[in-house]
Structures are given as structure tokens and as C-alpha cells.
J.: 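Take a look at the following structure, please.
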Amino acid sequence: QITDNGFLDSNSSEVVLHVNHVHREVLSYCKRLNNLAHRSLFSAKVSIDDLQQFLLAGLIHKAMTAYQAVILLVERGMPSESQVVLRTLLEATFRIVAIAKDPEVGRAYLLQDETSRRKFLNKLKLLDKSRPAEVVESELDSMLKAVSQNIEVHKARELKTAWFAEKANLLDFYNSAYAVLSDSVHVNVRHLENAFNSDSKGELIGLNYGYSDKGLIQNTLTAAEALLISIQAAYSIIDVNPAEEIHQSQDEFNTLIKKYSPSA
């Protein structure tokens, strides 16, 4: 039962044990995949002079931390929150695969940071009373001019997630899982119905607030698929020791998908 401390209550450890018992087959696999991903990363031989390898190493780290956050949240009965982080994992996956397929995508990814800097500087200029005292208008104008010149010289542009998904040849993943997650992340009104309980006549009878394992299988298997895709792509470029284990983990994942999502 949820208490006055909500999800921060000390009894959350009992929830973790219960969820891991009920969903032990899937969560056990997810944790072994996490272990494999760490051993792979720690054995990776990355050349810091190789932009493609350098970016992939950083992005795989981002994918792994997002993956672990998904597992931590589903274990604690927080499915909606796990979906927010799962969306971040998919964004990392699209970038990893796209960059692994084409080094030029990595260069475009690097250059787009200039467009982000310009956007941030423009927002700083819009601030009035809340602007930090050390931020001087003339300095902002100077930085904006320099950034804009860099953008023009290097033809940098803002790149959307869909662009990376297309370059990664993962548009189906983008238009299915990512689209659903994006709808949840933006807190659309349709998702507020999950906060209430109603009777057979549709009459409101109470608030629905507490631990839940709703969608756990779908969320965790989607996360596992994204991490698998990510490490396979990254380590097709970066040399790692447990490469054969990655293929074996894919086979185990395929078995789980057939069992829990036979239509997939």
C-alpha cells in the first residue's frame, strides 16, 4: 500500500523484491544484459583521435545509464516515469546506429551543437530581471555573432530525432515505440485518465495512485531491444572482448519476444 511518503517510503524495497519475483524471467535477462553491456564498455578499445569511436563511446554510456534508470523505475512500480527515460534511451539508440553506419552523421551531430548554443544565447537575451548579473548584453551579442558565423561557415543545422532514425534505418522503431513514448512524455490530457478509478458506469470513484507493474514487460523488452541494437552498432566499430556474448544475448532476447510478444 502507498503511504504518506509515496514512492519514497522505505517499503519500496519490498516492492522491488515482489516485482522481481513476479517478472523474474524478463528482469533477470535485463540485468544480465546490463552486466554484458558494462563488461563490453569496460573492455572497449577507443581511439580518442577517431571521432566516430569517440562519439559512440560517449553515446553508449548515455544509453546504458538510461537503460538502468528504466529498470530501476519499473522495479519500483513507476511505469509512466520509466517511459520518460525509455524515450531518452531510444534517442541515444538512433544516434548510435546512425553514426556507426556513417561517420559523416557523427560530424553533423557534432556541428549541430552550434545551433543549440545559438538557441540558448537567444533565450538568455530574452531574460530580464532573472538574467545572471555576470552576463553582459554586449558579450552576448559578440558570442551570438561568433556562433552564427560558425553555423554559416560549417553549414551546421538542427537535427531532429527523426533524421537520426532515418539515417539509422530505424524509422519503424521511431514511428511505433518512440511515437507512443513521446505522447506519454508530453503529459497529454488523455493520459490523465490513468490517475482515476471509475465504476462500470464511468462514474469517478477514487484516485488511482500507487505502485504498478502496468506495461512492465513491454517497457523492459523495448529497453532491452534498444540497448542490444545500440551495443551491436557501437561495437561493430569499437573492438570489445565479449563480442560473441552479444550475439548469444540477442538469441535469448528473440526467445523472450516470441514468448511475451508473439505477434512481434
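We use all heavy atoms of the structure for the numbers below, so side chains are in, but hydrogens, waters and symmetry mates are not. Quantities reported herein were computed from a predicted structural model and do not represent experimental measurements.
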J.: Are there over 12 heavy-atom neighbours, none belonging to E252, within less than 6.0 Å of that residue's CD?
T.: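 Counting neighbours around CD of E252, more than 12 heavy atoms of other residues, nucleotides or ligands fall under 6.0 Å, so yes.
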J.: Count I, L, V, M, F, W, Y as connected when their side-chain heavy atoms are under 4.5 Å apart, and connections chain through other members. Are L140 and F120 then in the same cluster?
T.: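 As far as the 4.5 Å side-chain criterion goes, F120 and L140 are connected within one cluster.
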J.: Should we count CD of Q218 as having more than 12 external heavy atoms under 6.0 Å?
T.: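 12 or below, so no.
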J.: Using the rule that Ile, Leu, Val, Met, Phe, Trp and Tyr join whenever any side-chain heavy atoms are under 4.5 Å apart, tell me whether L121 and L111 fall into a single cluster.
T.: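 L121 and L111: separate clusters.
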J.: Given 3.5 Å as the limit, does a donor-acceptor pair link the side chain of S142 with the main chain of S138, or not?
T.: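 Not confirmed, S142 side chain does not pair with S138 backbone.
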J.: Looking at CD1 of I237 and CD1 of I96, how far apart are the two atoms once the value is rounded to the nearest 0.5 Å?
T.: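 Going from the CD1 atom of I237 to the CD1 atom of I96 covers 12.0 Å.
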J.: Indicate yes or no: at least one non-hydrogen side-chain atom of V19 is less than 4.5 angstrom from one of Y211.
T.: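 Sidechains of Y211 and V19: no contact.
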J.: Is there a donor-acceptor contact under 3.5 Å from the side chain of D213 to the main chain of L216?
T.: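 Not at all, since once roles are kept as given, no pair shorter than 3.5 Å links the two residues.
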J.: Check R118, E139, Q149 against L144 for a side-chain contact (heavy atoms from CB on, under 4.5 Å) and give me the one that passes.
T.: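 So, applying the side-chain contact (heavy atoms from CB on, under 4.5 Å) to L144 and each of R118, E139, Q149, only R118 qualifies.
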J.: With no hydrogens and no angle check, is any side-chain donor or acceptor of N34 less than 3.5 Å from a backbone partner on C30?
T.: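 Such a contact is absent between N34 side chain and C30 backbone.
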J.: Counting only heavy atoms from other residues, nucleotides and ligands, does the tally under 6.0 Å from NZ of K45 exceed 12?
T.: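 Above 12, so yes.
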J.: Evaluate the salt bridge (Lys or Arg N to Asp or Glu O under 4.0 Å) criterion for residues E158 and K119: first the C-alpha distance (whole Å), next the side-chain angles of each, then the deciding distance (0.1 Å), finally the verdict.
T.: CA-CA 10 Å; E158 185 177 0; K119 186 181 295 185; 3.0 Å; yes
J.: Hey, any chance V16 and V26 share a hydrophobic cluster, counting ILVMFWY side chains that come within less than 4.5 Å of each other, even indirectly?
T.: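 No, V16 does not connect to V26 through the hydrophobic network.
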J.: Within the side chain of Q52, is there an N or O that forms a donor-acceptor pair under 3.5 Å with the backbone of I99?
T.: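 Side chain of Q52 to backbone of I99: a pair is present.
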J.: Under 3.5 Å, side chain of R117 to main-chain N/O of D113, donor-acceptor pair present?
T.: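 No: the side chain of R117 does not pair with the backbone of D113.
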J.: State, with a plain yes or no, whether a side-chain heavy atom of M64 is found less than 4.5 Å away from one of H38.
T.: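 Result yes, sub-4.5 Å side-chain heavy-atom pair found.
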J.: Would you mind reporting whether I71 and E75 have side-chain heavy atoms less than 4.5 Å apart?
T.: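 Yes, side chains in contact.
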J.: Using a 3.5 Å distance criterion without hydrogens, assess whether the side chain of S12 forms a donor-acceptor pair with backbone atoms of D9.
T.: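 Present.
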J.: Taking atom CZ of F54 as the centre, does the number of heavy atoms from other residues, nucleotides or ligands within less than 6.0 Å exceed 12?
T.: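 No, because the 6.0 Å sphere around CZ of F54 holds 12 heavy atoms or fewer from other groups.
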J.: Can you tell me how far the CG atom of L171 sits from the OG atom of S176, to the nearest 0.5 Å?
T.: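 These two atoms lie 10.0 Å from each other.
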J.: Hey, does L90 have a side-chain heavy atom less than 4.5 Å from the side chain of L170?
T.: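 In short, these two side chains do not touch, never coming nearer than 4.5 Å.
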J.: Nearest 0.5 Å, please: how far is CG in L73 from CG in L86?
T.: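 If we round to the nearest 0.5 Å, L86:CG and L73:CG are 10.5 Å apart.
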J.: Atom CG of L59 and atom NE2 of H61: how far apart are they, to the nearest 0.5 Å?
T.: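 Between atom CG of L59 and atom NE2 of H61 there are 11.0 Å.
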J.: Under 4.5 Å between side-chain heavy atoms, counting indirect links through other Ile/Leu/Val/Met/Phe/Trp/Tyr residues: same cluster for L72 and V15 or not?
T.: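 No, no single cluster joins them.
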J.: Would you say N5 has more than 12 foreign heavy atoms packed within less than 6.0 Å of its CG?
T.: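 Result for CG/N5: enclosed.
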J.: Please check if the number of heavy atoms outside N169 that lie under 6.0 Å from its CG is greater than 12.
T.: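 No, not enclosed.
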J.: Is a donor on one side and an acceptor on the other found under 3.5 Å between the side chain of S148 and the backbone of K145?
T.: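 Side chain of S148 to backbone of K145, a donor-acceptor pair under 3.5 Å: no, none is there.
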J.: Is the shortest side-chain heavy-atom distance between N241 and Y235 below 4.5 Å?
T.: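 No - every pair of side-chain heavy atoms lies 4.5 Å or more apart.
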J.: I'd like to know if the side chain of Y29 and the backbone of S249 have a donor-acceptor N/O pair within less than 3.5 Å.
T.: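 Yes; judged by distance alone, with no hydrogens or angles, the pair exists.
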J.: Drop me the distance from I217's CD1 to I257's CD1, to the nearest 0.5 angstrom.
T.: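 Here the interatomic distance stands at 10.0 Å.
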J.: Give a yes or no on whether the backbone of I151 and the side-chain of E114 come within a donor-acceptor separation of less than 3.5 Å.
T.: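 It does not hold such a pair.
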J.: Can any side-chain N or O of T88 pair as donor or acceptor with the backbone N or O of A66 at less than 3.5 Å?
T.: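 No, T88 side chain to A66 backbone: no donor-acceptor pair under 3.5 Å.
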